[in-house]
Amino acid sequence: MRSFEDLSVGTILSLGPYPVTRDEIVAFASEFDPQPFHLDEEAAKASLLGGLAASGWHTCAMMMRMMCDAFILGSTSQGSPGVDFVRWLRPVRPGDTLSGTATVLEARRSASRPGLGIVKLRNALSTGSGPVLEAEYTVMMLTREGAAE
């Protein structure tokens, strides 16, 4: 079980790979972001995206899955107080495979809860075509002592 102490500044965690399918893009968009360029090949070709592309929110959801698989589910994570920023750099297409890193930027103990650590991370995702997403966020994690209580 990974705890706060295991995520020191400079730690780099691998994310992915995560293959992206057309069916998954359309299913997510149908439910959560039904804009034509996420649903229809012809409408997507006529858009600024130039072809069918995953919703940015879908890309975030895939990133979250990758984070869970890489470190969250096997850790003392207590959730997140928020995301500092997300930048979508290029469209994610059917057939792409996402991969990337989560890098620890800051790590400190909570002043009010000594059994809790606050970790700031920066994610960078890419495909074979280059970078597609950047994000910074904070995760709250129990320390070893906090997890033992």
Side-chain angles (χ1 to χ4, degrees), residues 1-39 44 47-144 146-147:
M1 182 67 60
R2 188 172 294 186
S3 65
F4 166 74
E5 292 86 352
D6 298 314
L7 294 178
S8 58
V9 172
T11 299
I12 300 173
L13 304 161
S14 293
L15 304 175
Y18 187 96
V20 181
T21 68
R22 180 195 181 286
D23 290 347
E24 183 181 19
I25 288 172
V26 172
F28 183 95
S30 294
E31 187 163 352
F32 300 108
D33 190 356
Q35 298 182 75
F37 42 79
H38 299 317
L39 296 169
S47 77
L48 287 175
L49 296 177
L52 191 70
S55 163
W57 299 114
H58 182 197
T59 304
C60 287
M62 291 184 280
M63 176 181 67
M64 187 69 215
R65 176 79 245 185
M66 293 163 60
M67 290 164 45
C68 284
D69 292 345
F71 68 97
I72 297 286
L73 295 179
S75 77
T76 61
S77 173
Q78 300 297 295
S80 173
V83 174
D84 296 324
F85 72 83
V86 174
R87 287 192 188 100
W88 297 295
L89 305 172
R90 128 178 331 129
V92 173
R93 309 273 187 203
D96 282 348
T97 298
L98 297 172
S99 61
T101 57
T103 303
V104 177
L105 301 177
E106 299 172 18
R108 64 175 176 80
R109 284 186 184 254
S110 168
S112 60
R113 294 184 175 181
L116 189 68
I118 312 297
V119 182
K120 184 173 184 175
L121 296 108
R122 179 182 183 91
N123 285 5
L125 296 185
S126 61
T127 67
S129 300
V132 295
L133 180 143
E134 295 175 344
E136 284 188 13
Y137 56 96
T138 301
V139 174
M140 299 176 293
M141 297 184 71
L142 295 176
T143 64
R144 288 191 185 100

Side-chain heavy atoms of [X] within contact of [Y], under 4.5 Å:
X    : Y    : value
M67  : L15  : yes
F4   : L116 : no
M62  : E24  : yes
R93  : I25  : no
M63  : Y137 : no
L121 : L105 : no
V104 : S8   : no
T143 : P114 : no

Locate the shortest heavy-atom distance separating [X] from [Y]; write the atom from each residue and the value.
X    : Y    : answer
M140 : I118 : CG-CD1, 3.9 Å
A29  : H38  : CB-CB, 3.3 Å
S30  : L39  : OG-CD2, 3.4 Å
C60  : L133 : SG-CD1, 4.1 Å
P94  : L52  : CD-O, 3.5 Å
T76  : S3   : OG1-CA, 3.5 Å

Item to complete: Dump the intermediate steps for side-chain contact (heavy atoms from CB on, under 4.5 Å) on L98 and T127, then the final yes or no.
Response: CA-CA 5 Å; L98 297 172; T127 67; 3.8 Å; yes
Practice prompt. Classify the ring geometry between W88 and W57 as parallel (under 30°), tilted (30 to 60°) or perpendicular (over 60°).
Written response: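 The rings of W88 and W57 stand perpendicular, inter-plane angle above 60°.
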Calculate, to the nearest 0.5 Å, the distance between atoms [atom1] and [atom2] belonging to [X] and [Y] respectively.
X    : Y    : atom1 : atom2 : answer
D69  : Y18  : CG    : OH    : 9.0 Å
R2   : L13  : CZ    : CG    : 5.0 Å
E136 : R87  : CD    : CZ    : 8.0 Å
M141 : S110 : CE    : OG    : 14.5 Å
D6   : F71  : CG    : CZ    : 12.0 Å
S14  : I12  : OG    : CD1   : 8.5 Å

Practice prompt. Indicate yes or no: does E5 engage R109 in a salt bridge with an N to O separation below 4.0 Å.
Written response: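 Salt bridge between E5 and R109, a charged N being under 4.0 Å from a carboxylate O: yes.
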Worksheet entry | Identified side-chain hydrogen bond (donor to acceptor under 3.5 Å, both in side chains) counterpart of K120 within the set T103, T138, D84 | D84
Item to complete: Just jot down the side-chain hydrogen bond (donor to acceptor under 3.5 Å, both in side chains) partners of S55, sequence neighbours excluded, or say none.
Response: D33
Discussion item. Can you tell me if R113 has over 12 outside heavy atoms packed within less than 6.0 Å of its CZ?
Written reply: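 No, the 6.0 Å shell around CZ holds no more than 12 heavy atoms from other groups.
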Worksheet item: For L48, does the CG atom have more than 12 heavy-atom neighbours from other residues, nucleotides or ligands under 6.0 Å away?
Response: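 At most 12 heavy atoms, drawn from other residues, nucleotides or ligands, come within 6.0 Å of this atom.
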Practice prompt. List in chain and number order the residues that pass side chain to side chain contact (heavy atoms under 4.5 Å, CB included) with S47, two or more places apart in sequence or in another chain; answer none if no residue qualifies.
Written response: F37, L49
